[in-house]
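A short write-up of the structure that comes next.
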Amino acid sequence: TVASGTAPMSPKQTAAIKETNGSLLAQPGARSRLRWRRRLLAVGDAALAVALAAAFYLATDVHYDDRRVGIALILLQTLPLALRRWRPVWVLAVVVAATLGAAIAATLGTAIAGDAHVAGPVCVLVALYSVAVRCRRREAAWAGIASGAVLAWPLWLDSNGNTLGV
């Protein structure tokens, strides 16, 4: 009835709902559309992670002293991005730790990280964006502050101590 806030349904609509276990998602393909969207997003994230890994590997291939460690750092910086929609804070933590590891390796003089100052910030920015979009504001703010605190030293080293950008 109109007074109770529910609209009257035609017998045809009532029969359609009864045939589908009473679900209001009785539209054809409504659930399958959601599944396909999730799958498409997962495939897109995986493609982004693999593309970044391949690009950074090709960009830094000649700089490796220890090729296995360099590849591991690139994979740790890029492949977690495939899970960025489901576990954004975890992904950010892994990417920040791998970026810090690449910066420490570059500081120690072992060129295992290759061009870490390119791969690291790109991956960290993608992970930070995912945290900002997927998490509550307070959680995203704390994750950003923690990432900035952990990466302050590598960022300062990358700028050669020039804090004014001059």
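In this structure, the separation between OG on Ser130 and CG on Leu83 is 10.5 Å, given to the nearest 0.5 Å. Of the inter-residue distances, the one linking Leu128 atom CG with Arg84 atom CZ reads 12.0 Å to the nearest 0.5 angstrom. Distance check, rounded to the nearest 0.5 Å: OH of Tyr129 to CG of Leu92 gives 15.0 Å.
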Side chains of residues 137-149: which donor-acceptor pairs under 3.5 Å do they make with residues two or more places apart or in other chains?
from, atom 1, to, atom 2, distance (Å)
Ser147, OG, Ala143, O, 2.9

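Here the shortest heavy-atom pairing between Ala82 and Ala49 reads N-CB, 3.8 Å. Minimum interatomic distance between Ala53 and Thr78 (heavy atoms only, all atoms of both residues): CB-OG1, 3.2 Å.
A heavy-atom distance below 4.5 Å is found between the side chains of Val126 and Leu48. In this structure the side chain of Val122 reaches within 4.5 angstrom of the side chain of Phe56, judged on heavy atoms. Inter-residue side-chain proximity for Leu81 and Asp45 is flagged as unmet; no heavy-atom pair is nearer than 4.5 Å. Contact of the Val89 side chain with the Cys135 side chain is registered, since non-hydrogen atoms from C-beta on lie closer than 4.5 Å.
Linking Ile, Leu, Val, Met, Phe, Trp and Tyr residues whenever their side-chain heavy atoms come within less than 4.5 Å leaves Trp86 and Leu40 in two separate clusters. Residues Val95 and Trp90 are members of one and the same hydrophobic cluster, defined by side-chain heavy-atom contacts under 4.5 angstrom among Ile, Leu, Val, Met, Phe, Trp and Tyr.
The hydrophobic cluster analysis finds Val43 isolated: no Ile, Leu, Val, Met, Phe, Trp or Tyr side chain comes under 4.5 Å of it, directly or through other members.
Partners of Ala93 by side chain to side chain contact (heavy atoms under 4.5 Å, CB included), not counting sequence neighbours: none found.
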